[in-house]
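One structure below.
We number each residue from 1, following the sequence as shown. Read the numbers this way: they start at 1 and go in the same order the structure lists the ligands and their atoms. Reckoned from all heavy atoms, side chains included, excluding hydrogens, waters and symmetry mates.
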Amino acid sequence: MSDCIFCKIINGDIPSSKVYEDDKIYAFNDISPQAPVHILIVPKEHICCANMITPDNADVVAHIFSKVGEIAALAGIKDEGYRIINNCGKNAGQTVFHLHFHLMGGKDLGEKLV
Ligand code: 5GP
Ligand code: ZN
């Protein structure tokens, strides 16, 4: 999608700090980290948000979760633990409308929402 900041990052039009990449997904460090490790994992296919995950494209979400442990290991936090967050829509504060999962850790993350 031409006006999507994460599509531009995936294409290399906007620079990013890559952590992991394969044919389906891209993972990179968040520009404004909220924890010592704060990685964004995105599908290369433009999907706006969790609302638009369907049986036709859900395989990429399964693929992301199949790689989470490997990406956490690359960041050195696999064994100590981490949190995965997806914000969908206004009330969750989603700011970039290209589906992404925040992988956060590197410290005790403290209070849980759930
Ligand atoms: P959301 O609030 O939509 O769940 O998360 C969007 C995330 O994208 C934020 O944590 C924000 O810091 C990050 N972000 C926004 N623009 C850029 C960018 O140009 N580069 C990188 N690496 N992260 C970005
Ligand atoms: Zn996009």
Side-chain angles (χ1 to χ4, degrees):
M1 205 183 187
S2 58
D3 62 347
C4 170
I5 195 168
F6 286 178
C7 283
K8 289 179 181 169
I9 285 175
I10 293 160
N11 292 338
D13 293 338
I14 293 175
S16 64
S17 168
K18 180 167 82 173
V19 178
Y20 174 83
E21 180 176 17
D22 63 29
D23 58 328
K24 297 189 188 71
I25 65 174
Y26 189 74
F28 56 104
N29 289 308
D30 196 293
I31 203 166
S32 179
Q34 304 300 307
V37 173
H38 187 169
I39 295 167
L40 301 172
I41 311 174
V42 306
K44 287 189 170 177
E45 173 189 0
H46 181 89
I47 300 169
C48 79
C49 57
N51 281 341
M52 295 307 285
I53 300 169
T54 69
D56 287 339
N57 63 20
D59 58 329
V60 75
V61 178
H63 183 68
I64 284 172
F65 277 85
S66 78
K67 292 291 180 179
V68 156
E70 185 178 335
I71 295 167
L74 289 170
I77 60 167
K78 182 176 182 179
D79 293 334
E80 66 195 42
Y82 49 86
R83 189 169 289 161
I84 300 163
I85 297 169
N86 170 256
N87 295 314
C88 180
K90 178 171 67 72
N91 277 3
Q94 184 178 4
T95 58
V96 178
F97 285 81
H98 180 128
L99 181 67
H100 54 280
F101 296 90
H102 300 255
L103 170 60
M104 305 179 72
K107 68 171 187 179
D108 184 335
L109 293 169
E111 185 183 355
K112 297 192 292 180
L113 282 176
V114 290

Point to revise | Check: Val61 and Ile47 side chains under 4.5 Å, non-hydrogen atoms | key: no
Check your understanding: What protein N/O/S atoms are found closer than 2.8 Å to the Zn ion (ligand 2)?
Key -> Cys4 SG, Cys7 SG, His46 ND1, His98 ND1
Point to revise | All side chain to side chain donor-acceptor pair (under 3.5 Å) counterparts of Glu21, not counting sequence neighbours | key: Lys18, Lys44
Review point. Quick one: does Gln34's side chain have a donor or acceptor within less than 3.5 Å of a partner on Ser32's backbone?
Key: yes
Exercise for review: Taking atom CG of Asp79 as the centre, report whether more than 12 heavy atoms of other residues, nucleotides or ligands fall under 6.0 Å from it.
Suggested key: no
Table please: side-chain donor-acceptor pairs of residues 96-114 below 3.5 Å, with sequence neighbours left out.
from   : atom 1 : to     : atom 2 : distance (Å)
His98  : ND1    : His46  : ND1    : 3.2
His98  : NE2    : Pro43  : O      : 2.8
His100 : ND1    : His98  : O      : 2.7
His102 : ND1    : His38  : NE2    : 2.8
Asp108 : OD1    : Gly110 : N      : 2.8

Review point. Could you go step by step and tell me if Phe28 and Val42 meet the side chain to side chain contact (heavy atoms under 4.5 Å, CB included) rule?
Key: CA-CA 9 Å; Phe28 56 104; Val42 306; 3.9 Å; yes
Practice item. For ligand 1, would you mind listing the residues that have at least one heavy atom less than 4.0 Å away, ordered by chain and number? Key: Ile5, Phe6, Ile9, Phe28, Asn29, Asp30, Ile31, Ser32, Leu40, Asn87, Gly93, Gln94, Thr95, Val96, His100, His102
**Study point:** Residues Phe6, Leu40; criterion side chain to side chain contact (heavy atoms under 4.5 Å, CB included); working and verdict
**Key:** CA-CA 10 Å; Phe6 286 178; Leu40 301 172; 3.7 Å; yes
Review point. Is there a side chain to side chain contact (heavy atoms under 4.5 Å, CB included) between Tyr20 and Ile39 once you walk through the steps?
Key: CA-CA 10 Å; Tyr20 174 83; Ile39 295 167; over 6 Å; no
Check your understanding: At what distance, to the nearest 0.5 angstrom, does CD1 of Ile71 lie from CZ of Phe65?
Key -> 10.5 Å
